[in-house]
Protein chains: 4
Amino acid sequence: MTTSHRSPRRSERSRRAILDAARDLVVEHGYAKVGIEAIATRAGVGKQTIYRWWPSKGAVVFEAVRALSEDSDGEITLPDTGDLEADLKLVLRATAAEFADPAFDALIRGLTTEMAHDRELAAAYEEHTAALEDAKRQRLRSGQRAGQLSPDADLDLVLELLYAPLFRRWLLRTGPLTADFADRLVEAALRAFAPAAEVSAP
Amino acid sequence: MTTSHRSPRRSERSRRAILDAARDLVVEHGYAKVGIEAIATRAGVGKQTIYRWWPSKGAVVFEAVRALSEDSDGEITLPDTGDLEADLKLVLRATAAEFADPAFDALIRGLTTEMAHDRELAAAYEEHTAALEDAKRQRLRSGQRAGQLSPDADLDLVLELLYAPLFRRWLLRTGPLTADFADRLVEAALRAFAPAAEVSAP
Amino acid sequence: MTTSHRSPRRSERSRRAILDAARDLVVEHGYAKVGIEAIATRAGVGKQTIYRWWPSKGAVVFEAVRALSEDSDGEITLPDTGDLEADLKLVLRATAAEFADPAFDALIRGLTTEMAHDRELAAAYEEHTAALEDAKRQRLRSGQRAGQLSPDADLDLVLELLYAPLFRRWLLRTGPLTADFADRLVEAALRAFAPAAEVSAP
Amino acid sequence: MTTSHRSPRRSERSRRAILDAARDLVVEHGYAKVGIEAIATRAGVGKQTIYRWWPSKGAVVFEAVRALSEDSDGEITLPDTGDLEADLKLVLRATAAEFADPAFDALIRGLTTEMAHDRELAAAYEEHTAALEDAKRQRLRSGQRAGQLSPDADLDLVLELLYAPLFRRWLLRTGPLTADFADRLVEAALRAFAPAAEVSAP
DNA sequence: GCGTAAACGAGACGGTACGTCCCGTCTTGTG
DNA sequence: CACAAGACGGGACGTACCGTCTCGTTTACGC
């Protein structure tokens with residue numbers, strides 16, 4: 001169990017204070033330099049109150065991140081204007097911009113490297129992003145039905161082609177996360193899974 | 001400077017012992033659970049002998065990893081049978097297999113997440129892999145000349161399309177690293193940058 | 001106030017359970033290693049129920065000890081056969097044996113060292129043993145009247161000479177608590193306060 | 001091993017700072033309220049430097065106390081004017097005064113109660129006071145030879161009669177530690193072991 | 001070959017953070 | 001409203017390593 005089970009006895013005030021402290025400290029000093037003690041002190045909370053409800057620093061930060069996106073989570077919908085390429089470019093540009101934001105980077109980078117070592121944390125994160133992944137697949141499927149993707153395209157593979165290069169550039173800082181890069185990724189992926197050329201009718 | 005400058009006074013025996021100890025300990029217990037003290041003890045060496053020549057644990061492990069591939073490093077050549085697709089599949093399958101090897105994984109995973117936080121280490125690693133990257137680019141260019149890739153394909157982008165999905169699957173364990181996956185990556189990338197179809201003259 | 005004021009609302013069942021748990025735990029693990037939480041848990045009681053009625057662990061254990069000797073406390077009478085020496089030897093031998101009993105030792109040792117630091121607890125204990133002290137003094141006075149002690153002997157000093165060496169040997173484990181030791185203490189004290197030798201009239 | 005083995009590597013500066021801090025803190029706040037962390041902080045020392053050389057807080061304070069009396073320790077000699085009673089009164093009065101000194105009390109009280117629970121510490125203390133005990137016994141023996149004590153008096157028992165009442169009054173605060181009390185103890189003990197009355201020569 | 005300066009093993013040092021323990025108080029239902 | 005249950009802020013515990021800093025002791029060069 002990575003995330004904390006709510007309990008009627010639990011102090012909501014402390015929970016919020018811990019998550020806020022964790023978020024702020026990580027943004028300020030970076031994931032690695034933040035410890036449980038610092039979070040507890042900043043939150044005005046005993047260490048035990050953290051250990052009681054979370055198994056690790058990763059779990060706390062993870063929940064802090066999740067709490068950020070929780071408000072708007074009601075329903076995830078990606079743009080669907082009918083133009084798959086345009087829509088994907090919009091989304092990937094936004095993703096690239098997000099990765100390029102220092103505050104977001106500070107929060108998410110440490111969490112990501114932590115997930116590379118902690119399978120439980122990774123599983124929790126996957127669960128958290130499942131809805132978003134689904135929405136992405138839905139949009140691709142819609143494009144597929146509209147004849148903008150090959151009918152037998154593996155949509156998961158398409159997603160990996162779109163996002164993995166972005167992810168790798170961000171994590172390893174091997175290249176800039178520009179709108180142009182996002183555009184070219186979309187173009188390449190769509191070319192790779194373009195529907196077969198039509199045969200002109202006689 | 002991440003790697004150590006050699007000196008005539010330096011004890012080669014200690015250097016080897018430290019690198020071996022670092023490699024073995026990381027493979028045994030994982031990067032995060034290995035500390036400088038443990039490396040020094042296992043190597044039968046004073047801590048200072050490590051701090052004298054390396055700036056961080058990452059640098060030691062990095063050099064330990066580099067030492068592994070140092071023997072065969074004289075000249076890197078990728079297969080070039082004339083069939084770009086076949087050659088790339090060979091290479092990517094090998095890469096996938098390497099990532100799937102537990103010992104390699106243990107060594108390289110911690111180093112990778114460390115690079116995500118330590119720019120110096122990342123720079124050193126990039127330098128170390130520059131030759132290999134070059135070789136990959138060369139093979140693509142050769143294929144390009146042979147008409148198996150569009151003349152205006154961005155070869156770096158092709159490499160990212162090929163390797164980033166592999167990297168991400170490996171790091172985040174989001175999917176299996178099979179030969180089939182490697183094949184499909186190669187096929188997709190080549191389709192994305194296929195040369196323009198010839199228009200038959202009427 | 002060291003001891004608890006009784007109240008009609010108070011649960012006698014809880015009170016007994018707490019005292020029993022305290023006694024048992026102290027005998028099992030020693031005074032220092034027993035905490036309020038352990039007592040509460042063993043007694044099947046909330047911590048607050050302890051804090052509501054007792055000010056400290058010392059007070060609980062003290063009352064637990066007192067409860068042991070409460071049954072027989074109606075009237076304290078020391079033996080008075082007319083032979084002071086014999087009677088005192090009997091009593092001191094019994095005291096020595098009591099100190100030598102491991103269960104008694106475990107209970108009383110921690111309480112004693114606590115009293116060395118907590119004046120309130122010490123006062124409460126003194127009050128508790130006042131009747132016994134009185135009885136001892138009575139027996140000495142009786143012997144004094146019978147001409148077995150000097151008429152101007154300071155009976156409190158006699159008691160200190162009798163009991164302090166026993167107490168010190170027990171607390172600091174500086175010697176065995178044997179019947180022989182008890183006997184020799186009695187003999188020495190009585191010699192020290194023997195009535196003046198009669199001068200035979202010529 | 002309760003006390004610390006000296007080592008050439010050991011920092012004398014740290015050792016002194018720790019003992020001084022321990023002594024001062026105990027005198028200021030009392031044994032029970034002083035912890036290892038406070039000692040380390042006051043001494044400007046890492047906790048580990050304490051744990052490296054001492055097994056417990058008791059051992060540190062014990063050594064701090066011992067260090068106090070170390071200077072004058074060359075040779076212990078008790079006064080021997082030929083008048084045993086006068087000499088003993090001098091010594092016991094001094095002891096009573098020492099116990100009554102608040103700074104000494106603070107230091108020694110906690111240590112004493114600790115010894116009641118920690119046999120190792122008690123053994124170390126006994127060793128430390130062995131020379132003094134010997135000197136006391138010597139003085140008694142000298143008085144014995146001078147015909148001021150019965151030839152078959154058990155000198156250890158005499159010492160217990162002299163010191164135990166003082167000790168008990170001090171520890172349990174059951175009476176004042178006055179010069180008068182010291183005098184009366186000496187008188188009582190000497191009466192108890194007075195040599196047999198001489199037979200007047202005809 | 002012989003000083004001498006470095007690099008060495010060893011490990012003590014001042015620190016920081018860990019995760020656990022228990023304190024005494026506070027809060028939340030239940031009987 | 002006393003009770004059981006137990007969460008809470010607080011803070012000390014003893015451990016593990018960090019990176020720095022002496023200690024003698026090799027060791028291999030320049031004289």
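Here is how names work: the chains are called A, B, and so on, in the same order as the sequence lines, proteins then strands, and each is numbered from 1.
- For B:Ser14, no side-chain nitrogen or oxygen approaches OP1 or OP2 of E:dA7 to under 4.0 Å.
- Along DNA chain E, the nucleotide nearest D:Val45 and the nucleotide nearest C:Ser56 are compared for position; the residue whose nucleotide lies closer to the 5' end is D:Val45.
- Not a single donor-acceptor contact under 3.5 angstrom links the side-chain atoms of C:Arg52 to the base of F:dA2.
- Between the CZ atom of D:Arg13 and the P atom of F:dC23 there is a distance of 13 Å, given to the nearest Å.
- A heavy atom closer than 4.0 Å to some atom of DNA chain F occurs in A:Gly44, these being the qualifying members of residues 23-44 of chain A.
- For a distance-only test at 3.5 Å, the side chain of C:Lys47 qualifies as a donor-acceptor partner of the base of E:dG24.
- The base of F:dC21 sits within donor-acceptor range of the side chain of B:Gln48, with an N or O pair under 3.5 Å.
- Rounded to whole angstrom, the span from the CZ atom of D:Arg10 across to the C1' atom of E:dC13 amounts to 12 Å.
- No donor-acceptor pair under 3.5 Å is formed between the side chain of C:Lys47 and the backbone N or O of C:Ala40.
- The number of heavy-atom neighbours closer than 6.0 Å to CZ of D:Arg16, taken from other residues, nucleotides and ligands shown, is above 12.
- One atom, CZ of B:Arg9, and another, C1' of E:dA6, lie 4 Å apart when rounded to the nearest Å.
- Separating the CZ atom in A:Arg173 from the NE2 atom in B:His117 is a distance of 8.5 Å, to the nearest 0.5 Å.
- Spacing between atom CD1 of D:Ile50 and atom P of F:dT15 amounts to 13 Å, rounded to whole angstrom units.
- The separation between D:Arg15 atom CZ and E:dA12 atom P is 16 Å, rounded to whole Å.
- Counting to the nearest Å, the C1' atom of F:dC8 and the OH atom of C:Tyr51 are 14 Å from each other.
- Between C:Val34 and C:Ile39, the shortest heavy-atom contact is CG1-CG1, 3.7 Å.
- Both tests hold for C:Lys57 against C:Tyr31: distance to the six-membered ring centre under 6.0 Å, angle to the ring axis within 45°.
- Rounded to whole Å, the distance from NZ on D:Lys57 to C1' on F:dC13 is 12 Å.
- Checking the phosphate oxygens (OP1, OP2) of F:dA7, no side-chain nitrogen or oxygen of A:Ser11 falls inside 4.0 Å.
- Note: CH2 (A:Trp53) to P (F:dG9) measures 12 Å, nearest angstrom.
- B:Ser14 and B:Thr49 make their closest contact through CB-CG2, 4.3 Å (heavy atoms, listed as atom of the first residue, atom of the second, distance).
- Taking side-chain N and O atoms only, B:Thr49 has no distance below 4.0 Å to OP1 or OP2 of E:dA7.
- With D:Trp54 as the aromatic partner, D:Arg10 meets the cation-pi criteria of under 6.0 angstrom to the ring centre and within 45 degrees of the ring axis.
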